[in-house]
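Input: a single structure, listed below in structure tokens.
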Amino acid sequence: MAGSVNKVVLVGNLGRDPEIRHTNAGKKIASFSIATSDVWKDTNGQRQEKTEWHRIVVFNPNIADFVEKFIHKGSKVYLEGALQTRKWTDNAGQERYVTEVVIGHYKGELVLLDSRGSDDAMGMDQSAGMSPDAGWDSTPSAGAPAPAADFDDEIPF
């Protein structure tokens with residue numbers, strides 16, 4: 001196999017309102033969690049349900065703007081992103097890890113599926129050729145999260 005694929009597709013509901021932060025350079029980052037659920041009947045015919053929570057981080061400035069304006073607690077969304085694991089050291093000196101679904105600078109998609117948003121609300125799809133802000137700096141690892149030192153504080157979101 002010549003390459004690999006890191007793509008996550010989720011449909012779920014937000015558990016709380018998104019958090020909007022800015023890097024020291026003023027770049028907007030949106031973060032939120034969505035719940036997905038599996039439902040089945042066990043061997044006794046009883047309905048069972050298992051809910052998984054997924055941490056989502058949006059580094060794309062256009063999609064982060066969309067999240068800020070239209071996405072709220074309870075919103076049902078469709079999203080495409082990539083899995084990324086971050087590592088940091090907490091205030092007690094312990095190494096911590098978190099795995100998140102990242103919607104990067106140039107890849108990813110977010111679509112509002114319910115009617116809670118404005119009539120103007122529509123999905124933001126970077127894979128469809130929409131270009132990011134002209135002032136956005138591109139790096140060889142476009143789509144990678146900003147280094148932890150670029151955030152306002154050392155506590156991950």
Value for CD1 (Ile34) from OG1 (Thr51), rounded to nearest 0.5 Å, stands at 12.0 Å
Which heavy atom of Lys28 sits nearest to which heavy atom of Asp65, and what is that distance?
NZ-OD1, 2.7 Å
Minimum heavy-atom separation for Ser75 to Leu112, with atom names?
CB-CD1, 3.9 Å
Using the salt bridge (Lys or Arg N to Asp or Glu O under 4.0 Å) criterion, which residues pair with Lys7? Sequence neighbours excluded.
Glu80
Between Asn44 and Gln46 (side chain of the first, backbone of the second, donor and acceptor by atom type, cut-off under 3.5 Å), is there such a pair?
no
What is the distance from atom CD1 of Ile20 to atom CZ of Phe32, rounded to the nearest 0.5 Å?
9.0 Å
Please report the closest heavy-atom contact between Leu83 and Val8, naming both atoms and the distance.
CG-CG2, 3.5 Å
Measuring only between side-chain heavy atoms, which start at C-beta, is Lys50 closer than 4.5 Å to Trp40?
yes
Any Glu19 side-chain heavy atom under 4.5 Å of Ser31 side chain:
yes
Straight-line distance of Lys107 NZ to Ile63 CD1, nearest 0.5 Å:
13.0 Å
What salt bridge (charged side-chain N to carboxylate O under 4.0 Å, His left out) pairs are there with at least one residue in residues 33-47, not counting sequence neighbours?
Arg47-Glu49
Do Val101 and Trp53 belong to the same hydrophobic cluster, where Ile, Leu, Val, Met, Phe, Trp and Tyr are linked whenever their side-chain heavy atoms lie under 4.5 Å apart, directly or via other members?
no
How far does CD of Glu100 sit from OG of Ser33, to the nearest 0.5 angstrom?
9.0 Å
Please identify each residue that fulfils salt bridge (Lys or Arg N to Asp or Glu O under 4.0 Å) with Asp17, with sequence neighbours left out.
none
Work out which heavy atom in Tyr97 is nearest to a heavy atom in Glu95; give both atom names and the distance.
OH-OE1, 3.5 Å
Tightest non-hydrogen contact, residues Asn62 and Asn60, listed as N-OD1, 2.8 Å
Roughly how far, to the nearest 0.5 Å, is CD1 of Ile103 from CZ of Phe66?
10.0 Å
Which atom of Ala30 lies closest to which atom of Val67, heavy atoms considered
CB-CG1, 3.8 Å
Taking the side chain as everything from C-beta on, heavy atoms only, tell me whether Ile56 gets closer than 4.5 Å to Leu10.
yes
Is any side-chain heavy atom of Lys76 closer than 4.5 Å to one of Val11?
yes
